[in-house]
Amino acid sequence: MMGQDVVFKNISAINELSAIHRTCMGPHGQSKLVVTHLGRTLISRRTSTIVENLAVEHPAAKLVVMAANHQATEVGDGTTFVITLAGEILEKVKPFLEMRLSIKDLVEGLDMAMRKTLEILPELAVFSVPNVVDIPTATRVIKCVIGTKMNGYEHTLAPLVAQACADILPSDPKKFLVENVRVAKVLGGNIADSSVIRGFCLTRDTEGTVKHIRNAKLAVFGCAVDKDEGETKGTITISNADELKNYSVGEEQRMKQIIDDVARTGANVIVTGATFGEIAEHFIEAHGMMAIKVPSKFDLRRLCLATGATALVRLGAPTAEEMGHCAAIDAQEVGGTRVLVLSQEGGSATSRISTILVRAATQNTLDEIEKVIEDGVNVFKTMTRDQRFLAGAGACEMELSHRLEGYGRSIPGLQQYGVRAFAEALAVVPKTLAENAGMNFNDVLSNLRSAHTAGKATWGVLSMENTIGDAAAAGIYDSLLAKEWAFKFITEAVRTVLSVDQIIMSKPAGGPKPRDQQAGDAGDD
């Protein structure tokens, strides 16, 4: 198969992918029940989560998935918009292809529409965040993203995200790292019980009896706090009781010396990324020190970031520069789960980690909240790069559609049809929002076109009120930077799909057939 037949097949495959994600858009979007390859069940309406677990086999559909993944990597939001609009643009282009219009002219028209869109977008900015540390202002923006993923919880989660991000914002905001805002999930309670901890939080208990430390000084070891183990096997021959006693005493004295050296530096907390030996735990308890085991190397790295410590690869006394500092370490019980909280309160600027302790009744809700918080943090990261925001609720797309239609009519060549297809496709956003909210989308689109023709550039679909109105006045915003990147990725994906006229599949690699296939061939004989 080759030529336009391949293009039409590609468009059909991408439209099927788009139809899956279109119903997830907006605060009234529907969730998908996803069964992963490991048999785990997820319920989510985040396009990123769905795409991660969706087995996409068609090569053209994979291009759109790649565009959505690049959007998630660049700005962390807008993946639903990318897949939905890419599918709609191809659907609007299809009639012109059936009329035998040149693909070259259509692609040039789409490029012209994209460039014009990027020129218009800055003019449509309606809101700016002058100071990203201003928590109430940042909360207004973050609410818009969280509300589309978990409608009803945005008033609880958005202030927590804004507070967690502001607590660790570096002097140069553009150096803010999304990875430094962590989520600790504790089953039980409700979302209103969630809180922000300036520091680090581990969902585990201490190894000894010491549960509370103030003005903690941490010695962090990446190796086991235990007696030395040889790399090769060896045999020790003990012929009498005195030799056995001397051997044990020697091991104890060596470990006692190590713990004494650590204690003399002023450290009152020992952290290991491996294990504690029984002898080591005995001497740690004797000094009244706290013992913390962090088996995950990623968590150990974050703990070092939170406290300013350096993980040592050998047992011994740390220097003053290698030790970490923490205002308080407390072992608490939250909802039946032991939680270790390393906090940096009192205005300490030592910590570069902030943790949101999340409570919820089910594990699936906890997992979904974690992903939603990640989206909120990404919006804050975007805010540090560009503080401008557009009117949301489909208002921006409707205004762009209105202006691009006029721009298309001014183009004398065949490229105007590509611009027209791009302009008509933009209406899919307010249309989808209206459909998902149970509104009559034909009436909604008609009324919105009338409003934007009359100069009401910020009017969109207020799906919570089941009407149309001023999205900016309602506090519904979209990031200008996220839209710019989305239009670039969408246009590139659509251009690539339209330029393909043949799909060639390589032969399978050589070698013996899989056992099941061999058995099937033998049965056929």
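Because the structure is predicted, anything quoted here is derived from the model rather than measured.
- Within the 4.5 Å cutoff, the side chain of Ser354 has heavy atoms near those of the Val196 side chain.
- Side-chain contact between Asn151 and Arg45: present, with at least one pair of heavy atoms (C-beta onward) separated by less than 4.5 Å.
- Of the charged side-chain nitrogens involved, at least one lies within less than 4.0 Å of a carboxylate oxygen, so that Asp386 and Arg388 count as a salt-bridged pair.
- Judged by distance alone, the side chains of Lys211 and Thr206 do bring a donor and an acceptor atom under 3.5 Å apart.
- The main-chain N or O of Gln332 is never found under 3.5 Å from a side-chain atom of Asp330 such that the two would form a donor-acceptor pair.
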Distance-only donor-acceptor hits, side chain of residues 128-137, under 3.5 Å, sequence neighbours excluded:
residue: Asn131; atom: OD1; partner: Val133; partner atom: N; Å: 3.2
residue: Asp134; atom: OD2; partner: Thr137; partner atom: OG1; Å: 2.4

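- Annotation for Ala395 and Ala391: closest pair CB-CB, 3.9 Å, computed over non-hydrogen atoms.
- Across all non-hydrogen atoms, the minimal contact from Ala216 to Asn268 is CA-OD1, 3.4 Å.
- The line from CG of Asp205 to NZ of Lys293 is 12.5 Å long, rounded to the nearest 0.5 Å.
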For a side chain to side chain contact (heavy atoms under 4.5 Å, CB included) check, start with the C-alpha distance between Ile50 and His21, then their side-chain angles and the critical distance, and finish with the verdict. CA-CA 8 Å; Ile50 298 168; His21 297 278; 3.5 Å; yes

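- Checked by atom type, the side-chain pair Ser44/Glu368 shows a donor-acceptor distance below 3.5 Å.
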Run Asn53 and Leu42 through side chain to side chain contact (heavy atoms under 4.5 Å, CB included) and show every step you take. CA-CA 10 Å; Asn53 297 280; Leu42 304 174; 3.8 Å; yes

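- Rounding to the nearest 0.5 Å gives a distance of 5.0 Å between CG of Leu357 and SG of Cys201.
- Judged by distance alone, the side chain of Glu154 and the main-chain N or O of Gly152 form a donor-acceptor pair under 3.5 Å.
- Asp193 places no side-chain N or O within 3.5 Å of a backbone atom of Gly189 that could act as its donor or acceptor partner.
- Thr384 places a side-chain N or O within 3.5 Å of a backbone atom of Lys381 that can act as its donor or acceptor partner.
- Remark: side-chain polar atoms of Arg338 are not paired, donor with acceptor, to backbone N or O of Arg204 under 3.5 angstrom.
- Tyr153 OH: 12 or fewer foreign heavy atoms inside a 6.0 Å radius.
- Between Val428 and the options Glu397, Glu88, Glu435, a side chain to side chain contact (heavy atoms under 4.5 Å, CB included) holds for only Glu88.
- Expressed to the nearest 0.5 Å, how far NE2 of His70 lies from CD of Glu492 amounts to 9.5 Å.
- Of the N and O atoms on the side chains of His287 and Asp260, at least one donor lies less than 3.5 Å from an acceptor on the other residue.
- Contact record, Met398 with Pro430: SD-CG, 3.6 Å, taken as the closest heavy-atom pair.
- With rounding to the nearest 0.5 angstrom, the OG1 atom of Thr148 is 12.0 Å from the NE2 atom of His28.
- Taken from CD1 in Ile468 to CG in Leu462, the straight-line distance is 8.5 Å, to the nearest 0.5 Å.
- Side-chain contact check for Thr265 and Lys217: no donor-acceptor pair (N or O, by modelled atom type) lies under 3.5 Å.
- Ring centers of Phe221 and Phe276: at least 6.0 Å apart, outside the cut-off.
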Derivation and outcome, side chain to side chain contact (heavy atoms under 4.5 Å, CB included), residues Val210 and Ile213: CA-CA 8 Å; Val210 180; Ile213 290 285; 3.9 Å; yes

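- The existence of a salt bridge linking Asp299 and Arg182 is excluded, since no basic side-chain nitrogen approaches an acidic carboxylate oxygen closer than 4.0 Å.
- With hydrogens and angles ignored, the 3.5 Å screen pairs no side-chain donor or acceptor of Asn180 with any backbone N or O of Ile168.
- Between Thr156 and Ala192, the closest heavy-atom pair is CG2-CA, 4.1 Å.
- Side chain of Thr307 to main chain of Leu303: a donor-acceptor pair is present (N/O by atom type, distance under 3.5 Å, no hydrogens or angles).
- A cation-pi geometry, defined here as NZ or CZ lying under 6.0 Å from the six-membered ring centre and within 45° of its normal, holds between Lys431 and Phe441.
- You'll find the side chain of Leu33 reaches within 4.5 Å of the side chain of Thr41, heavy atoms only.
- The CD1 atom of Ile292 sits 10.5 Å away from the CG atom of Leu300 when rounded to the nearest 0.5 Å.
- When side chains are defined from C-beta on, Met323 does not count as touching Leu218, because their heavy atoms never get closer than 4.5 Å.
- Cation-pi geometry between Lys483 and Phe81 is satisfied (NZ or CZ under 6.0 Å from the ring centre, within 45° of the ring normal).
- A salt bridge does not link Asp375 with Lys371: every distance from a Lys NZ or Arg NE/NH1/NH2 to an Asp or Glu carboxylate oxygen is 4.0 Å or more.
- By the 4.0 Å N-to-carboxylate-O rule, Glu484 lies too far from Arg385 to be salt-bridged with it.
- Between Cys144 and Asp478, the closest side-chain pair of non-hydrogen atoms is not below 4.5 Å.
- In plain terms, the two heavy atoms of Thr365 and Ala360 that are nearest each other are CG2-CB, 3.8 Å.
- Minimum heavy-atom separation, Cys396 to Leu390: SG-CD1, 3.6 Å.
- Between the side chains of Thr209 and Glu285, a donor-acceptor pair is found at a separation under 3.5 Å.
- Counting heavy atoms from C-beta on, the side chains of Leu118 and Lys488 come closer than 4.5 Å.
- The side-chain heavy atoms of Cys223 and Thr272, taken from C-beta on, include no pair separated by under 4.5 Å.
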Test log, rule salt bridge (Lys or Arg N to Asp or Glu O under 4.0 Å), inputs Asp77 and Lys149: CA-CA 11 Å; Asp77 189 35; Lys149 308 290 194 307; 3.4 Å; yes

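- Checking side-chain atoms of Ser18 against main-chain N and O of Ala86 turns up no donor-acceptor pair under 3.5 Å.
- For Glu74 (side chain) and Gln71 (main-chain N/O), no donor-acceptor pair under 3.5 Å exists by modelled atom type.
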Could you walk me through whether Val34 and Ile43 pass the side chain to side chain contact (heavy atoms under 4.5 Å, CB included) check? CA-CA 6 Å; Val34 181; Ile43 300 176; over 6 Å; no

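- In this structure, the side chains of Val429 and Met25 come closer than 4.5 Å at one or more pairs of heavy atoms.
- Few gaps surround CD on Gln363; more than 12 heavy atoms of other groups in view lie less than 6.0 Å from it.
- Side-chain N or O atoms of Ser463 include none that pairs as donor or acceptor with a backbone N or O of Asn466 at under 3.5 Å.
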